**Q** 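Dropping a structure here in structure tokens format, bear with me for questions.
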Amino acid sequence: PEQVIVIGGHLDSWDLGTGAIDDGAGVAITAAALKLIADLPTPPKRTIRVVWWGAEEVSQPPPSQGLAGARNYADRRKDQAAQHVAISESDFGAGPIYSLGLPAGAANTDFQKAAMRVLTPLGIIFDPAPATGGGPDTGPTVALGVPAFRLNQDGTDYFDFHHTADDVLDRIDPKNLDQNVAAWAAFLYLLAESDVDFRALRPMAQ
């Protein structure tokens with residue numbers, strides 16, 4: 001329980017639409033994934049924490065221009081950064097997930113291979129490029145040294161609706177939403193049940 005995996009989405013959105021795509025979908029995807037895990041007979045070994053960050057989009061008084069909730073989380077948890085196993089955010093709509101990105105050094109490990117056995121049937125491939133961040137709201141926590149992973153979504157039409165009056169629920173395909181939830185739930189359970197230490201896998205500086 002002292003080892004924490006952080007996931008989530010952000011609650012605020014621009015005011016032209018309802019914020020269903022940005023970022024109601026991300027909040028729903030991560031919450032639904034955790035609910036599936038919470039309903040299992042036995043909880044995983046590691047804690048999974050869902051954070052609904054506030055004020056990602058809106059301007060704030062200096063020095064926090066945007067990401068106010070993310071900065072607040074990182075500031076309040078900075079003494080616990082070493083206990084954070086990994087962090088990621090769902091903040092790119094509800095298009096299908098097509099690839100997994102892991103921290104540097106995690107490619108070709110037993111964990112990566114196990115993850116792909118779970119995710120490949122969902123149409124997800126492995127991206128060998130190391131994940132350097134897990135989404136906008138993860139940035140301040142990643143800056144503390146917390147590893148990030150990415151479940152990369154197809155954003156082909158994301159910017160057709162993003163920050164417009166068309167950012168509404170009927171633009172979301174329920175089948176794509178289901179695939180996202182399945183991918184997050186499967187990957188999170190695997191990570192939470194494992195003993196993988198992404199920090200130990202980081203390549204040595206040359």
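All values derive from a computational prediction rather than experimental measurement.
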**Q** With distance as the sole test, does R71 use its side chain to make a donor-acceptor pair with the main-chain N or O of G66 at under 3.5 Å?
**A**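 Such a contact is found between R71 side chain and G66 backbone.
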**Q** Rounded to the nearest 0.5 Å, what separates atom CG in L188 from atom CG in L151?
**A**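 Answer rounded to 0.5 Å: 7.5 Å.
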**Q** Would you say F161 and L169 are hydrophobically clustered, going by side-chain heavy atoms of ILVMFWY under 4.5 Å?
**A**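 Yes; L169 is reachable from F161 via cluster members.
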**Q** If we ignore hydrogens and angles and just use 3.5 Å, is the side chain of N180 paired with the main-chain N or O of N176 as donor and acceptor?
**A**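 Here the side-chain-to-backbone pair exists.
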**Q** Main chain of G69, side chain of E56: is a donor-acceptor contact present, judged purely on distance under 3.5 Å?
**A**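 Side chain of E56 to backbone of G69: no pair is present.
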**Q** Do V146 and L67 sit in one hydrophobic cluster, given that two such residues count as connected whenever their side-chain heavy atoms are within less than 4.5 Å of each other, even indirectly?
**A**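 Hydrophobic grouping puts V146 apart from L67.
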**Q** Do the side chains of L119 and F187 get nearer than 4.5 Å, heavy atoms only?
**A**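 Answer yes - side chains close enough.
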**Q** Quick one: does D166's side chain get under 4.5 Å of R171's, heavy atoms only?
**A**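 They are in side-chain contact.
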**Q** Hey, does the side chain of Q153 reach the backbone of G93 with a donor-acceptor pair shorter than 3.5 angstrom?
**A**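 Side chain of Q153 to backbone of G93, a donor-acceptor pair under 3.5 Å: yes, one is there.
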**Q** Determine whether a donor-acceptor pair (N or O, by modelled atom type, separation under 3.5 Å) exists between the side chain of D91 and the backbone of D137.
**A**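 No, D91 side chain to D137 backbone: no donor-acceptor pair under 3.5 Å.
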**Q** If you take all heavy atoms of P1 and T47, which pair is closest and at what distance?
**A**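 Residues P1 and T47, closest heavy atoms: O-OG1, 3.0 Å.
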**Q** Quick check: does any side chain N or O of S88 sit under 3.5 Å from a backbone N or O of A148, one acting as donor and the other as acceptor?
**A**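 Such a contact is absent between S88 side chain and A148 backbone.
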**Q** Report, as yes or no, whether the 6.0 Å neighbourhood of atom CG on D170 holds more than 12 heavy atoms from other residues, nucleotides or ligands.
**A**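 Yes, because the 6.0 Å sphere around CG of D170 holds more than 12 heavy atoms from other groups.
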**Q** Restricting to non-hydrogen atoms, name the atom on P140 and the atom on P136 that form the minimum distance, rounded to 0.1 Å.
**A**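 Answer, listing the atom of P140 first, then P136: CD-O, 4.0 Å.
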**Q** Would you say the side-chain atoms of D157 pair up with the backbone N or O of D160, donor to acceptor, closer than 3.5 Å?
**A**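 No; zero donor-acceptor contacts below 3.5 Å.
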**Q** What distance do W52 atom CH2 and E89 atom CD have between them, rounded to the nearest 0.5 Å?
**A**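 So the gap between those two atoms works out to 13.5 Å.
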**Q** Looking only at atom types and distance, does a side-chain atom of D167 sit under 3.5 Å from a main-chain N or O of I21, one as donor and one as acceptor?
**A**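 Yes, D167 side chain to I21 backbone: donor-acceptor pair under 3.5 Å.
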**Q** To the nearest 0.5 Å, tell me how far I125 CD1 sits from I97 CD1.
**A**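 Reported value, rounded in 0.5 Å steps: 13.0 Å.
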**Q** Does one side chain, of H163 or D22, offer a donor that lies under 3.5 Å from an acceptor on the other?
**A**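 The answer is yes; a qualifying pair exists.
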**Q** Are any side-chain N or O atoms of T120 and backbone N or O atoms of R117, one a donor and one an acceptor, separated by less than 3.5 Å?
**A**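 It does not hold such a pair.
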**Q** As an exercise, state the distance from CG of D195 to CD of Q3, rounded to the nearest 0.5 Å.
**A**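 Between D195 CG and Q3 CD, I get 8.5 Å after rounding to 0.5 Å.
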**Q** So, Y189 and R46: side-chain donor and acceptor under 3.5 Å apart, yes or no?
**A**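 There is no such pair (donor and acceptor under 3.5 Å, judged by atom type) between the side chains of Y189 and R46.
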**Q** So, for L36 and A185, which heavy atoms are closest and what is the spacing to 0.1 Å?
**A**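 Where L36 meets A185 most closely, the heavy atoms are CD1-CB, 4.0 Å.
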**Q** Mind listing the closest non-hydrogen atom pair of A186 and V118 along with its distance?
**A**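 So the two residues come closest at CB-CG1, 3.2 Å.
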**Q** Does the side chain of L201 come within less than 4.5 Å of F111's, by heavy atoms?
**A**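 In short, these two side chains do not touch, never coming nearer than 4.5 Å.
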**Q** Give, for atom CD1 of I124 and atom CD of Q179, the distance between the pair rounded to the nearest 0.5 Å.
**A**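 Answer rounded to 0.5 Å: 5.0 Å.
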**Q** I'd like to check M116 versus L100 (side-chain heavy atoms, cut-off strictly below 4.5 Å). Are they in contact?
**A**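 Heavy-atom side-chain distance check passes, below 4.5 Å.
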**Q** Using the side chain to side chain contact (heavy atoms under 4.5 Å, CB included) criterion, which residues pair with L144? Sequence neighbours excluded.
**A**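 For L144, the residues satisfying side chain to side chain contact (heavy atoms under 4.5 Å, CB included) (neighbours in sequence not counted) are A74, K78, A81.
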**Q** Count I, L, V, M, F, W, Y as connected when their side-chain heavy atoms are under 4.5 Å apart, and connections chain through other members. Are I5 and V27 then in the same cluster?
**A**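 Yes; tracing contacts between hydrophobic side chains, which count when under 4.5 Å, links both residues.
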**Q** Restricting to side chain to side chain contact (heavy atoms under 4.5 Å, CB included), what partner residues turn up for A182, sequence neighbours left out?
**A**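 If we apply the side chain to side chain contact (heavy atoms under 4.5 Å, CB included) test to A182, skipping adjacent residues, the hits are L122.
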**Q** To the nearest 0.5 Å, what is the distance between OG (S194) and CG (D110)?
**A**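 Going from OG on S194 over to CG on D110, the span is 11.0 Å.
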**Q** Can you tell if the side chain of P147 reaches within under 4.5 Å of the side chain of V85, non-hydrogen atoms only?
**A**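 With C-beta onward as the side chain, the pair stays apart.
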**Q** Would you find a donor on one side and an acceptor on the other, under 3.5 Å apart, between the side chain of D12 and the backbone of E57?
**A**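 Yes, the answer is positive, given that a donor and an acceptor are paired below the 3.5 Å cut-off.
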**Q** Which heavy atom of A114 sits nearest a heavy atom of L190, and at what distance?
**A**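 Minimum heavy-atom separation between A114 and L190: C-CD2, 3.7 Å.
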**Q** With under 30° as parallel and over 60° as perpendicular, where do the rings of Y158 and F92 fit, or are they tilted in between?
**A**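 Tilted: the ring planes of Y158 and F92 meet at 30° to 60°.
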**Q** Are I7 and I87 close enough that some pair of their side-chain heavy atoms sits under 4.5 Å apart?
**A**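 They are not in side-chain contact.
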**Q** Would you check if the distance from the ring center of F198 to the ring center of F149 is below 6.0 Å?
**A**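 Ring-ring flag for F198/F149: false, centres at least 6.0 Å apart.
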**Q** Within a strict 4.5 Å, meaning less than it, do heavy atoms of the S90 and W184 side chains meet?
**A**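 With C-beta onward as the side chain, the pair touches.
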**Q** Using a 4.5 Å cut-off on heavy atoms from C-beta on, say whether the side chain of T141 contacts that of V6.
**A**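 In short, these two side chains do not touch, never coming nearer than 4.5 Å.
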**Q** Between D39 and K35, does any side-chain N to carboxylate O distance fall below 4.0 Å?
**A**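 Here D39 pairs with K35 in a salt bridge, since their nearest N and O are under 4.0 Å apart.
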**Q** Which atom pair, heavy atoms only, marks the closest approach of A86 to L191?
**A**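 So the minimum-distance heavy-atom pair works out to CB-CD2, 4.2 Å.
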**Q** State yes or no: do V4 and W53 share one hydrophobic cluster built from I, L, V, M, F, W and Y residues joined by side-chain heavy-atom distances below 4.5 Å, directly or via other members?
**A**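 Cluster IDs for V4 and W53 match.
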**Q** Flag yes if F126 and Y98 sit in one hydrophobic cluster, no otherwise; membership is Ile, Leu, Val, Met, Phe, Trp, Tyr, and two members link when side-chain heavy atoms are under 4.5 Å apart.
**A**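 Different hydrophobic clusters.
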